[in-house]
Every structure is written in C-alpha cells, then in structure tokens.
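Data first, discussion second: the structure below is written as structure tokens.
Position 1 is the first residue of the sequence, and the numbers go up from there.
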Amino acid sequence: MTHVLLVRLAAPLQSWGVASRFSYRDTHSRPSKSAVIGLCAAALGRDRTDAVDDLARLAFGVRADHPGTPVRDYHSVGSGTFPLRPRDVITDHRRAAAVAKSMEATEGPGFGHHELAGWYGAPKKIAADPVSGALVSGELSRTALITERWYLSDAAFVVGLQHEDRAPLEEIAHALEHPKQLLWLGRKSCPPSGTLAAEIVIGTITEAFAGKRLLPGPEDLDGPDATARRPWAWIQAAPGARGASPINDQPISFDPARRAHATRWETRTRVTIAPTATEWDIIP
C-alpha cells in the first residue's frame with residue numbers, strides 16, 4: 001500500500017528553469033522534480049549541502065490543472081548616467097583617480113550632481129584589488145547587463161509525492177505549511193499563494209490525480225465545463241517503461257560545489273477526473 005501527498009503549486013508567477021544561464025533564463029512548462037524536492041528540503045530547514053537522498057526517493061508526478069501563459073521579462077541592469085556618490089570613489093581607488101581631474105574642474109558640489117558617462121552599471125569580473133584587498137570590478141567603465149527571463153502567469157499545478165510510509169509525507173506536509181526557510185516557485189520573485197499541502201491519500205499518484213477535482217482557476221475556465229476537462233499529467237515511471245521518456249531532473253545533490261542530477265523516466269497522460277472526485281479544502 002502506498003500513500004500520496006498532494007501539493008498545490010499556484011501563484012501569479014512561476015518559473016521552473018531547466019537550462020537557465022545569466023543572460024537567458026527559461027522556464028519549463030511544469031514544475032520539475034528537482035525544484036519540488038528543493039522546495040520540500042527548504043521547508044524542512046535543510047541546507048544546500050545536506051543530503052536529499054530520502055526526498056529524492058519519493059515517486060513524483062505533476063498535473064497541469066491550469067498551464068498558465070508564458071510571460072517574457074526584458075530585464076536590464078545599469079547603463080546611462082548617474083550622479084557621482086562618495087561610495088563610488090571610496091570603495092575603489094582606481095575610480096577615484098580616474099574621476100579626480102573631472103571633479104577638480106567641477107564648480108559647486110560634486111557629489112550628487114556630477115555625472116559620468118559609462119559609469120553606472122553592474123560590476124563585472126569582480127576580484128580582490130592587489131592594493132586595497134577590497135573586491136572591485138575588473139573594468140572601470142560599465143555597461144548595461146541585459147537578461148531575458150521567462151515565467152508562467154496564472155498557472156496552477158497539483159504535485160503528487162508517493163511513498164510507502166505515511167509518516168515522511170506527514171512531515172513534509174507540515175513543513176510546507178510551517179516552513180523553516182522561505183519558499184518560492186522556481187525563483188525568489190515567485191512566492192507561492194495560499195495552501196501548499198492539501199492532503200494525504202491512499203493509492204498511487206495516478207489514482208490520486210483522478211480522485212481530486214481541478215484546482216480553482218481563472219474565471220473563464222471555471223463552471224460546468226471545467227469538470228469535463230482532462231488535464232495533462234507527467235508521472236514518474238520505471239526506467240524503460242512502455243511510453244515513458246527520460247528527463248534529467250532526478251536530484252542527487254544541491255551543494256553549489258557539486259550540484260548534480262540524474263536521469264529518471266516519466267509518462268505523459270491525460271487525466272480523467274472521476275465523478276466521485278473530492279473538492280479542494282484549501283485557502284486559494
């Protein structure tokens with residue numbers, strides 16, 4: 001006999017990066033197992049260097065009740081001009097020397113009024129200065145940093161975590177509602193809304209998904225027609241199982257010095273909500 005903890009993941013914005021780099025940060029169409037296990041580990045108060053083998057052994061599935069709308073954020077940092085501040089010259093003697101002549105020729109107050117082109121922006125190539133020992137940018141002039149970030153807007157997912165024993169699922173459920181660390185849905189700018197841990201049911205993830213009504217969503221999707229929708233679900237399967245495909249999101253370690261993932265297998269299927277499916281008793 002197995003038990004399944006149902007977890008509600010809903011928020012104005014979510015972002016489940018798969019191959020994100022600094023300048024381009026993508027989002028998957030659904031929460032990954034690695035991200036959800038990381039969420040549970042944070043709720044339990046574990047450090048990134050702590051082992052997560054027990055959590056990684058949980059079978060995982062996700063049902064996309066409301067897939068959301070992809071949203072692109074064109075994000076820029078720096079560029080343009082900015083009034084000179086004391087900290088700009090105090091923290092970096094090279095910048096102080098570079099601006100000295102220009103400051104001497106300035107009439108009236110210099111700080112807060114004197115502007116320099118190519119001065120304002122995010123520092124790059126940061127390293128310890130050989131003279132002062134302070135961390136400084138390797139480049140005196142600075143330009144804008146441009147990033148492209150993707151999010152899912154108004155999405156709502158149901159995650160199923162399956163285990164033979166009920167006790168570890170109860171511990172995770174309690175932690176999700178009383179987290180020891182801040183929780184977010186993929187990025188720090190995406191805090192979850194409402195209740196996360198729903199309930200623990202007996203059965204498999206497939207049975208749990210079929211036995212629970214769709215999460216409340218946008219008004220245009222609610223109503224009588226909503227019960228007839230068959231949402232997509234991705235459910236962990238045995239390696240090489242028929243119809244299963246590999247995905248590289250099985251967490252091994254979240255340690256920044258040796259972060260690692262392995263391959264697991266999952267099936268993609270439509271979920272038919274049972275006529276006897278139960279309603280949600282949650283805070284939206």
Okay, side chain of Ser153, backbone of Leu13: is any donor-acceptor separation there less than 3.5 Å?
no
When you look at Ile37 and Phe60, which way does the side chain to side chain contact (heavy atoms under 4.5 Å, CB included) test go after all the steps?
CA-CA 9 Å; Ile37 295 303; Phe60 172 83; 5.9 Å; no
Spatial distance of atom CD (Glu199) from atom CG (Leu169) [nearest 0.5 Å]:
12.5 Å
Over all atoms of both residues, closest heavy-atom pair of Ile205 and Gly61:
CD1-N, 3.6 Å
Residues that Glu207 engages under salt bridge (Lys or Arg N to Asp or Glu O under 4.0 Å), provided they are two or more places apart:
none
Which residues pass the side chain to side chain contact (heavy atoms under 4.5 Å, CB included) test with Asp73, not counting sequence neighbours?
His75, Arg149, Tyr151
Considering only residues two or more places apart or on different chains, which pairs with a residue in residues 36-45 satisfy salt bridge (Lys or Arg N to Asp or Glu O under 4.0 Å)?
none
Under the salt bridge (Lys or Arg N to Asp or Glu O under 4.0 Å) rule, collect the residues that match up with Glu164, sequence neighbours excluded.
none
All side chain to side chain contact (heavy atoms under 4.5 Å, CB included) counterparts of Trp184, not counting sequence neighbours:
Leu182, Lys188
Would you give the length of the straight line joining atom CG of Leu185 to atom CG of Leu152, rounded to the nearest 0.5 angstrom?
10.5 Å
What residues, two or more places apart in sequence or in another chain, satisfy salt bridge (Lys or Arg N to Asp or Glu O under 4.0 Å) together with Arg258?
Asp255
Please identify each residue that fulfils side chain to side chain contact (heavy atoms under 4.5 Å, CB included) with Glu177, with sequence neighbours left out.
Thr195, Leu196, Ala197
Separation between SG (Cys190) and CG (Leu183), nearest 0.5 Å, reads 13.0 Å
Look at the side chain of Thr27 and the backbone N and O of Trp16, then say whether any donor-acceptor pair between them is shorter than 3.5 Å.
yes
Measure the CG-CZ distance between Asn248 and Arg264 for me, rounded to the nearest 0.5 Å.
10.0 Å
Residues two or more places apart in sequence or in another chain: which of them pass ring pair (Phe, Tyr, Trp, His ring centres under 6.0 Å) with His174?
His178
Holding to salt bridge (Lys or Arg N to Asp or Glu O under 4.0 Å), I want the full list of residues that pass it with Glu170, two or more places apart in sequence or in another chain.
Arg166
Decide yes or no on side chain to side chain contact (heavy atoms under 4.5 Å, CB included) for Cys40 and Glu171, but give the supporting numbers first.
CA-CA 10 Å; Cys40 296; Glu171 182 183 9; over 6 Å; no
Less than 4.5 Å apart, side chain to side chain, heavy atoms only: is that true for Arg48 and Pro256?
yes
For Trp280, does the six-membered ring have the charged nitrogen or CZ of Arg213 within the cation-pi criterion, i.e. under 6.0 angstrom from the centroid and within 45° of the normal?
no
Does Asp281 have more than 12 heavy atoms from other residues, nucleotides or ligands lying within 6.0 Å of its CG?
no
Kindly compute the distance separating CZ (Arg242) from OG1 (Thr267), expressed to the nearest 0.5 Å.
12.5 Å
Between His66 and Leu215, is there a donor-acceptor pair closer than 3.5 Å when you use the side chain of the first and the backbone of the second?
yes
Ignoring hydrogens and geometry, is there a side-chain-to-backbone donor-acceptor pair from Glu266 to Ile247 under 3.5 Å?
no
Step by step, work out the side chain to side chain contact (heavy atoms under 4.5 Å, CB included) result for Val158 and Arg8.
CA-CA 5 Å; Val158 178; Arg8 169 186 172 272; 5.8 Å; no
Okay, side chain of Lys180, backbone of Ala42: is any donor-acceptor separation there less than 3.5 Å?
no
Could you state the interatomic distance from CH2 (Trp234) to OG (Ser29), rounded to the nearest 0.5 Å?
5.0 Å
With sequence neighbours left out, what residues match Ala41 under side chain to side chain contact (heavy atoms under 4.5 Å, CB included)?
Arg46, Val52, Leu55
Contacts satisfying side-chain hydrogen bond (donor to acceptor under 3.5 Å, both in side chains) that involve residues 32-41 (not counting sequence neighbours) are Lys33-Gln236, Lys33-Gln250, Ser34-His261
Quick one: are Ile146 and Tyr74 in side-chain contact, heavy atoms under 4.5 Å?
yes
Does His28 use its side chain to pair, donor to acceptor, with the backbone of Arg30 at less than 3.5 Å?
no
Could you please spell out the steps behind the side chain to side chain contact (heavy atoms under 4.5 Å, CB included) verdict for Leu6 and Phe209?
CA-CA 9 Å; Leu6 295 175; Phe209 283 173; 4.0 Å; yes
Where Ala156 and Ala10 come nearest, the two heavy atoms and their spacing
CB-CB, 4.0 Å
In the hydrophobic clustering that connects Ile, Leu, Val, Met, Phe, Trp and Tyr at side-chain heavy-atom distances below 4.5 Å, which members other than Met1 occupy its cluster, ordered by chain and number?
Ile202
Pairwise side-chain contact, Val4 with Lys212, heavy-atom cut-off 4.5 Å (strictly under)
no
